[in-house]
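All heavy atoms count here, side chains included; hydrogens, waters and symmetry mates do not.
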Amino acid sequence: MPDVMIFDGTCNLCSSSVQFVLKYESSPTLYFASVQSPTGSRLMHQYGLDPTNVQTFVLIESNNVYVRSEAAMRVARHLRMPWRAVRVLDILPRTLLDWSYDLIARNRYRWFGQHDLCSIPSPSHAKRFLD
């Protein structure tokens, strides 16, 4: 199974994060699925996560599941420099990182907005989206 980032497809911040990863990843190894898609929902169930809980994004990497700030730090490993350097934040306590992550997650619709439908990937990136 490829490494998959599962994200809230209706969240502007989440969709922008996917576009950011596509633009700055060091090599095209990550695949993407919105939690609202059949594949995203199935993967969430498969790894014991609730697909109706869209307060976090999920990274499935080498058949291990990561959520919240740990998922974000692991995604940063896939980015080119200087963006990969954000991993330096991983020296902070996980509780602080998760608290910050949760604050943004709770307010992301209010701060960044949302849309009714998942955005359609560009033709050049379409094969990287699992649904």
**Message:** Once rounded to the nearest 0.5 Å, what's the spacing between atom CD1 of Ile60 and atom CD of Gln46?
**Reply:** 7.0 Å

**Message:** Is there a side-chain contact (heavy atoms from CB on, under 4.5 Å) between Trp99 and Leu103? Walk through the geometry before answering.
**Reply:** CA-CA 6 Å; Trp99 178 85; Leu103 176 68; 4.2 Å; yes

**Asked** Once you round to the nearest 0.5 Å, how far does CZ of Arg68 lie from CD1 of Ile104?
**Response** 12.5 Å

**Request:** Run the numbers on Gln36 and Asp8 for side-chain hydrogen bond (donor to acceptor under 3.5 Å, both in side chains), then give the verdict.
**Result:** CA-CA 7 Å; Gln36 293 87 359; Asp8 178 356; 2.7 Å; yes

**Prompt:** If you measure from SG on Cys11 to CZ on Phe112, what distance do you get to the nearest 0.5 Å?
**Reply:** 8.0 Å

**Item:** Step-by-step side-chain contact (heavy atoms from CB on, under 4.5 Å) determination, Asp98 to Leu96
**Value:** CA-CA 5 Å; Asp98 281 343; Leu96 177 61; over 6 Å; no

**Message:** Measuring from atom CG of Leu97 to atom CG of Leu89, what distance do you get when rounded to the nearest 0.5 angstrom?
**Reply:** 6.5 Å

**Asked** So do the side chains of Gln114 and Arg108 get within less than 4.5 Å of each other, counting heavy atoms only?
**Response** no

**Request:** Flag the pair Leu30 / Val21 as yes when at least one side-chain heavy-atom distance between them is below 4.5 Å, and no otherwise.
**Result:** yes

**Message:** Could you go through Tyr101 and Thr56, starting from their C-alpha distance and side-chain angles, then the distance that decides it, and tell me whether this counts as side-chain contact (heavy atoms from CB on, under 4.5 Å)?
**Reply:** CA-CA 8 Å; Tyr101 183 94; Thr56 186; 3.5 Å; yes

**Fill in**
To the nearest 0.5 Å, atom OG1 of Thr10 lies from atom NE2 of His115 at 6.0 Å

**Asked** Should Tyr31 and Val67 be regarded as members of a common hydrophobic cluster, given that ILVMFWY residues are connected when their side-chain heavy atoms come within less than 4.5 Å of each other, either directly or indirectly?
**Response** yes

**Message:** Looking at every heavy atom in both Ala33 and Leu130, which two are closest together, and how far apart are they?
**Reply:** CB-CB, 4.3 Å

**Prompt:** Honestly curious: do Leu49 and Ile6 fall in one hydrophobic cluster under the side-chain, below-4.5 Å linking rule?
**Reply:** yes

**Asked** Would a distance-only check, ignoring hydrogens and angles, find a side-chain to backbone donor-acceptor pair under 3.5 Å from Arg84 to Leu79?
**Response** yes

**Request:** State whether the side chain of Ser15 and the backbone N or O of Asn12 hold a donor-acceptor pair below 3.5 Å, judged by distance alone.
**Result:** no

**Asked** If only atom types and distance count, is the side chain of Ser41 paired as donor or acceptor with the main-chain N or O of Val35 below 3.5 Å?
**Response** no

**Prompt:** Rounded to the nearest 0.5 Å, what separation is found between the CZ atom of Arg80 and the OG atom of Ser27?
**Reply:** 10.5 Å

**Prompt:** Relative to the ring of Phe129, is the ring of Phe7 parallel (under 30°), tilted (30 to 60°) or perpendicular (over 60°)?
**Reply:** perpendicular

**Request:** Take Met5 and Phe57, measure what side-chain contact (heavy atoms from CB on, under 4.5 Å) needs, and give me the verdict at the end.
**Result:** CA-CA 7 Å; Met5 186 172 142; Phe57 84 92; 3.7 Å; yes

**Item:** Note, Val65 side chain near Leu43 side chain (heavy atom, < 4.5 Å)
**Value:** no

**Request:** Please check if the side chain of His78 supplies one atom and the backbone of Pro28 the other of a donor-acceptor pair under 3.5 Å.
**Result:** no

**SB check Glu25 Arg128 (cutoff 4.0 Å)** = yes

**Asked** Do side-chain atoms of Arg110 reach the backbone of Asn107 as a donor and acceptor pair under 3.5 angstrom?
**Response** no

**Prompt:** Under a 4.5 Å side-chain heavy-atom rule over Ile, Leu, Val, Met, Phe, Trp and Tyr, are Val58 and Val4 clustered together?
**Reply:** yes

**side-chain hydrogen bond (donor to acceptor under 3.5 Å, both in side chains) evaluation trace for Tyr47 with Asn64** = CA-CA 9 Å; Tyr47 284 90; Asn64 295 305; over 6 Å; no

